[in-house]
Engineer: 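Supplied in structure tokens, the structure appears directly below.
Computation of the quantities below employed the complete heavy-atom set of this structure, encompassing side-chain atoms and omitting hydrogens, waters and symmetry-equivalent molecules. Note on naming: letters A, B, ... go to the chains in the order of the sequence lines (proteins, then strands), and numbering restarts at 1 for each one.
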Amino acid sequence: MTVVTRFAPSPTGMLHIGGARTALFNWLFSRHHGGEFLLRVEDTDRERSTPEAVDAIFEGLDWLGLERDREPVYQSHNLARHQELVRQLLAEGKAYHCYTTPDELAEMRDQARAEGRPTGYDGRWRDRDPSDAPPGVTPAIRFKAPIEGQTIIDDQVLGEVRFDSAQLDDMILLRSDGTPTYMLAVVADDHDMGITHVIRGVDHLTNAARQIQLFRALDWEAPEFAHIPLIHGSDGAKLSKRHGALAVGAYREQGFLPAAMRNFLVRLGWSHGDEEVFSKGQMIDLFGLGAVGKSPARFDMDKLLNVNGHYIRQSDDKNLVIAITPLLQGLEVLGFLKIPIIRIESAKLARVEGLMPELKKRARTLVELAENARFLVTTRPIEMIPKAAKLLKGDAPGLLQELLNPLKSLENWSTEALEACVKQFAEANDLKLGTIAQPLRAALTGSNASPGIFDVLAVLGREESLGRIADAASTA
RNA sequence: GUCCCCUUCGUCUAGCGGUCCAGGACAUCGGCCUCUCACGCCGAAAACAGGGGUUCGACUCCCCUAGGGGACGCCA
């Protein structure tokens with residue numbers, strides 16, 4: 001049997017971190033088994049679904065590298081089939097018309113809660129004669145759920161979970177306006193799409209029980225279910241925008257790499273011994289539902305940052321330059337067009353690439369990387385941060401002025417030669433290296449922290465370096 | 001309120017009855033490297049929620065309590 005999984009978001013919002021992980025697990029599971037990963041847009045909701053949200057979800061999945069097989073299914077397109085199924089259930093006596101109004105329902109729930117009873121629908125129209133139907137009320141259609149016994153979910157992550165059937169009320173299959181509800185649509189579409197494994201958040205656990213009942217009523221075999229624990233915020237509460245429930249697009253903007261995101265996400269709930277780093281291929285090889293934990297995980301930004309830093313260090317220098325070039329240019333939005341504010345000559349980009357091996361050790365996001373590389377592409381006189389300006393007080397300008405001479409006469413502008421030259425200068429003047437290196441750093445980078453100063457000198461080149469040093473020397 | 005699920009260092013987790021005075025990673029704190037900041041390396045501190053069982057032996061199995069989470073819509 002070929003494994004077929006699906007990711008079924010409702011396009012009422014962005015693709016957030018929890019949804020992304022659900023998608024990842026479904027994708028990994030299908031890839032591991034050489035099966036298919038499908039996408040279904042659950043847009044049975046009236047106005048709440050938007051095309052923008054659909055686009056955002058597709059973009060998010062693309063960015064994460066979770067390619068789908070087959071074209072996405074739009075649940076709303078299956079309206080006729082859903083309605084037909086309800087007619088069938090009705091004809092078989094497995095569903096019935098319910099004339100209870102929303103107000104009555106609310107009243108019923110309040111009372112049940114007050115009396116300590118389950119708050120579900122009490123089945124008041126289940127066996128009532130249709131001739132009792134009040135005039136002017138268009139009925140909804142409810143499922144005639146089994147009253148006795150238990151419904152058992154053999155969950156691939158949680159194990160066996162049982163619900164007393166009495167606990168599961170008669171859910172609505174078709175709204176009074178004739179549109180199908182989620183519960184019916186999911187079952188119908190999962191069956192029609194040939195879904196073999198449903199992997200989703202535990203918030204769907206009770207739904208699984210209801211859906212199993214529906215599968216039985218329809219005489220269909222239910223898929224396997226796997227309910228994965230939710231992701232909580234750093235304070236243990238439900239994940240909200242305050243602590244990371246951002247759209248995946250927001251993470252891209254913050255400079256996270258898809259590979260890092262995948263690695264971070266897969267480790268939230270899944271593990272393989274002591275291993276922390278997994279390539280796409282390794283994840284696919286190793287992933288299994290048996291190694292998925294049952295307890296909820298908290299979102300940890302520090303860990304994400306660390307993982308991202310790791311992947312940045314592993315990345316190819318050229319690719320990193322390409323990735324940060326737009327950040328370096330800055331983008332001005334004019335209508336639909338994004339236009340670079342600054343044109344950067346290729347010679348300057350070459351500097352960035354030259355220093356990249358050093359730069360990438362110091363960044364945990366692409367945004368940070370770009371910021372740290374910015375001094376390489378700015379034009380003289382460069383800006384100084386306050387801490388750098390401070391380094392250029394006192395003797396510093398004078399020392400830099402003196403350093404200019406040996407530097408100017410240097411034949412070979414290489415890291416090694418530059419290091420030898422500056423060290424010799426320090427020794428000759430009885431200075432600790434730091435005494436000259438720090439002002440030099442400020443002069444060249446405008447900052448008090450940067451990659452090794454000799455590397456910076458070498459990458460900046462003779463002319464630019466000398467110019468920047470002269471600029472700083474004349475601040476006195 | 002009813003039902004369901006979960007519970008190992010601050011966080012993510014390893015552990016599937018003895019190999020555990022509990023291992024890894026992030027974060028934290030020391031140290032080394034050192035021109036700064038990083039990277040890297042070395043080291044430290046840090047957990048089996050509590051109580052009962054079962055067993056020769058429980059982090060591992062069962063029960064209870066506590067805490068946390070989820071579901072209870074003519075939303076998905």
Side-chain angles (χ1 to χ4, degrees), chain A residues 8-12 42-46 48-49 75 98 100-102 105-106 109 112-121 138-142 153 155 158-159 161-164 166-169 171-177 179 181-183 185-186 201-207 209 227 229-230 232 234 236-238 264 267-277 290-291 293-307 309 313 358-364 372 387 391 419 422-423 426 432-438 440-442 445 447-454:
Chain A
S10 62
T12 52
E42 310 239 312
D43 55 352
T44 45
D45 192 357
R46 340 138 299 212
R48 293 210 297 158
S49 305
Q75 197 150 58
C98 170
T100 318
T101 64
L105 250 19
R109 272 191 284 271
R113 185 185 288 262
E115 291 171 18
R117 289 183 289 112
T119 53
Y121 177 68
T138 37
I141 296 173
R142 287 188 186 265
I153 304 166
D155 195 273
L158 299 173
V161 181
R162 295 161 176 270
F163 287 92
D164 284 329
Q167 203 61 224
L168 276 3
D169 68 352
M171 60 205 166
I172 289 184
L173 263 17
L174 210 60
R175 292 186 264 259
S176 48
D177 66 358
T179 60
T181 59
Y182 159 83
M183 215 59 84
V186 174
V202 270
D203 50 337
H204 282 288
L205 190 57
T206 5
N207 292 341
H227 291 92
L230 269 18
H232 290 166
S234 50
K238 198 172 182 179
F264 171 74
R267 287 287 292 103
L268 243 38
W270 177 81
S271 62
H272 184 261
D274 282 343
E275 288 173 52
E276 296 286 346
V277 179
K294 298 180 181 181
S295 48
R298 296 189 187 199
F299 178 87
D300 183 0
M301 193 55 160
D302 282 331
K303 185 98 173 194
L304 209 209
L305 248 10
N306 176 274
V307 172
R313 274 170 257 135
E358 289 304 309
L359 249 17
K360 67 185 181 184
K361 291 177 191 166
R362 281 157 250 254
R364 296 185 301 174
N372 295 342
K387 282 181 177 176
L391 287 169
E419 177 165 2
V422 175
K423 281 188 168 164
K432 288 208 302 190
L433 185 54
T435 310
I436 183 65
Q438 279 302 81
L440 189 53
R441 166 168 288 109
T445 71
S447 170
N448 63 324
S450 79
I453 203 62
F454 308 117

Engineer: Quick check on B/rC72: is either OP1 or OP2 less than 4.0 Å from any side-chain nitrogen or oxygen of A/R109?
Structural biologist: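 Answer is no, no contact under 4.0 Å.
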Engineer: For atom P, what is the distance between B/rC29 and B/rG51, given to the nearest Å?
Structural biologist: 34 Å
Engineer: So does A/R362 reach the base of B/rC37 with its side chain, donor to acceptor, closer than 3.5 Å?
Structural biologist: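 Donor-acceptor pair under 3.5 Å: yes.
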Engineer: Mind checking the P distance from B/rG67 to B/rG50? Whole angstroms is fine.
Structural biologist: 15 Å
Engineer: Is it true that the side chains of A/T179 and A/R175 contain a donor and an acceptor less than 3.5 Å apart?
Structural biologist: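 Checked: A/T179/A/R175 side chains pair up, N/O donor to acceptor below 3.5 Å.
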Engineer: What I'd like to find out is whether the side chain of A/F299 reaches to under 4.5 Å of the side chain of A/L304, using heavy atoms alone.
Structural biologist: yes
Engineer: Taking donor-acceptor contacts at under 3.5 Å, does the side chain of A/N207 reach the base of B/rA76?
Structural biologist: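 Present.
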Engineer: Contact class for A/L174 (heavy atom, under 4.0 Å): base, sugar-phosphate, or nothing?
Structural biologist: nothing
Engineer: Using atom CG of A/N448 as one end and atom C1' of B/rA38 as the other, report the distance to the nearest whole Å.
Structural biologist: 13 Å
Engineer: For the side chain of A/R267, counting heavy atoms from C-beta on, which of B/rU11, B/rA76, B/rU13 is nearest?
Structural biologist: B/rU13
Engineer: In Watson-Crick or G-U wobble terms, both distances under 3.5 Å, what is the partner of B/rG18?
Structural biologist: B/rC56
Engineer: Find the distance A/L305:CG to B/rC39:C1' and express it as a whole number of Å.
Structural biologist: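 After rounding, the reported distance stands at 15 Å.
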Engineer: B/rG70 and B/rC74: how far apart are their C1' atoms, nearest whole angstrom?
Structural biologist: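 Nearest-Å result for B/rG70 against B/rC74 at atom C1': 23 Å.
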Engineer: Out of B/rG23, B/rA25, B/rC74, which nucleotide sits closest to the side chain of A/D274?
Structural biologist: B/rG23
Engineer: Are any protein N/O atoms closer than 3.5 Å to N/O atoms in nucleotides 2-6 of chain B? If there are, list each pair with its distance.
Structural biologist:
| from | atom 1 | to | atom 2 | distance (Å) |
| --- | --- | --- | --- | --- |
| B/rU2 | O2' | A/Q167 | OE1 | 2.9 |
| B/rC3 | O4' | A/Q167 | OE1 | 3.2 |

Engineer: Tell me whether the side-chain N or O atoms of A/K303 pair up with the base of B/rA25 as donor and acceptor below 3.5 Å, since no angle test is needed here.
Structural biologist: yes
Engineer: Determine which nucleotide pairs with B/rC72, using a 3.5 Å limit on both distances of a Watson-Crick or G-U wobble pair.
Structural biologist: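 Because both required distances fall under 3.5 Å, B/rC72 counts as paired with B/rG1.
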Engineer: Report all interatomic pairs (protein N or O, nucleotide N or O of nucleotides 32-35 of chain B) with separations under 3.5 Å.
Structural biologist:
| from | atom 1 | to | atom 2 | distance (Å) |
| --- | --- | --- | --- | --- |
| B/rC35 | O2 | A/R441 | NH1 | 3.1 |
| B/rC35 | O2 | A/R441 | NH2 | 2.7 |
| B/rC35 | N3 | A/I453 | N | 3.2 |

Engineer: So what's B/rA45 paired with, Watson-Crick or G-U wobble, going by both distances under 3.5 Å?
Structural biologist: none
Engineer: Report the base-pairing partner of B/rA66 (Watson-Crick or G-U wobble, both distances below 3.5 angstrom), or none.
Structural biologist: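 B/rA66 is paired, partner B/rU7.
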Engineer: Evaluate whether the aromatic ring of A/H204 and the six-membered ring of the B/rG70 base sit under 5.5 Å apart, centre to centre, with an inclination under 30°.
Structural biologist: no
Engineer: Write down the distance between CG (A/N306) and P (B/rU11), rounded to a whole number of angstrom.
Structural biologist: 18 Å
Engineer: On a heavy-atom basis, which atom in A/E42 and which in A/V186 lie closest, and how many Å separate them?
Structural biologist: OE1-CG2, 3.7 Å
Engineer: Is a donor-acceptor contact shorter than 3.5 angstrom present between the side chain of A/S450 and the base of B/rC37?
Structural biologist: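 Answer no: no donor N or O sits under 3.5 Å from an acceptor.
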Engineer: Considering every strand shown, what is the Watson-Crick or G-U wobble mate of B/rC32 when both distances are under 3.5 Å?
Structural biologist: B/rG40
Engineer: Counting any heavy atom closer than 4.0 Å, what does A/S176 reach on the DNA or RNA strands: base, sugar-phosphate only, or nothing?
Structural biologist: base
Engineer: What contact category does A/T100 fall into here, base, sugar-phosphate, or nothing, at under 4.0 angstrom with non-hydrogen atoms?
Structural biologist: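 Base, at least one base heavy atom under 4.0 Å.
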Engineer: With C1' as the reference atom in both, quote the distance from B/rU60 to B/rC3 in angstrom, rounded to an integer.
Structural biologist: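 Each nucleotide's C1' atom is 28 Å from the other's.
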Engineer: Could you work out the separation of B/rC59 and B/rG23 based on their C1' atoms and round it to a whole Å?
Structural biologist: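 Here B/rC59 and B/rG23 have their C1' atoms 13 Å from each other.
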Engineer: By nearest atom, which of the nucleotides B/rC26, B/rG69, B/rC75 is closest to the A/H232 side chain?
Structural biologist: B/rG69
Engineer: Determine the minimum heavy-atom distance between A/F163 and A/L168, stating which atoms define it.
Structural biologist: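 What the structure gives for the nearest pair is CB-CD2, 3.9 Å.
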Engineer: Roughly how far apart, to the nearest Å, are B/rC12 and B/rU7 at atom P?
Structural biologist: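 Rounded to whole Å, the distance is 12 Å.
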Engineer: Mind checking if A/E42 touches a base, just sugar-phosphate, or nothing, with heavy atoms under 4.0 Å?
Structural biologist: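 The residue A/E42 makes sugar-phosphate contact but no base contact.
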Engineer: Determine the interatomic distance between C1' on B/rC21 and the same-named atom on B/rC48; round to the nearest Å.
Structural biologist: 13 Å
Engineer: For B/rA22 and B/rC5, measure between their C1' atoms and round to the nearest Å.
Structural biologist: 26 Å
Engineer: List the residues meeting salt bridge (charged side-chain N to carboxylate O under 4.0 Å, His left out) with A/K432, not counting sequence neighbours, and say none if there are none.
Structural biologist: none
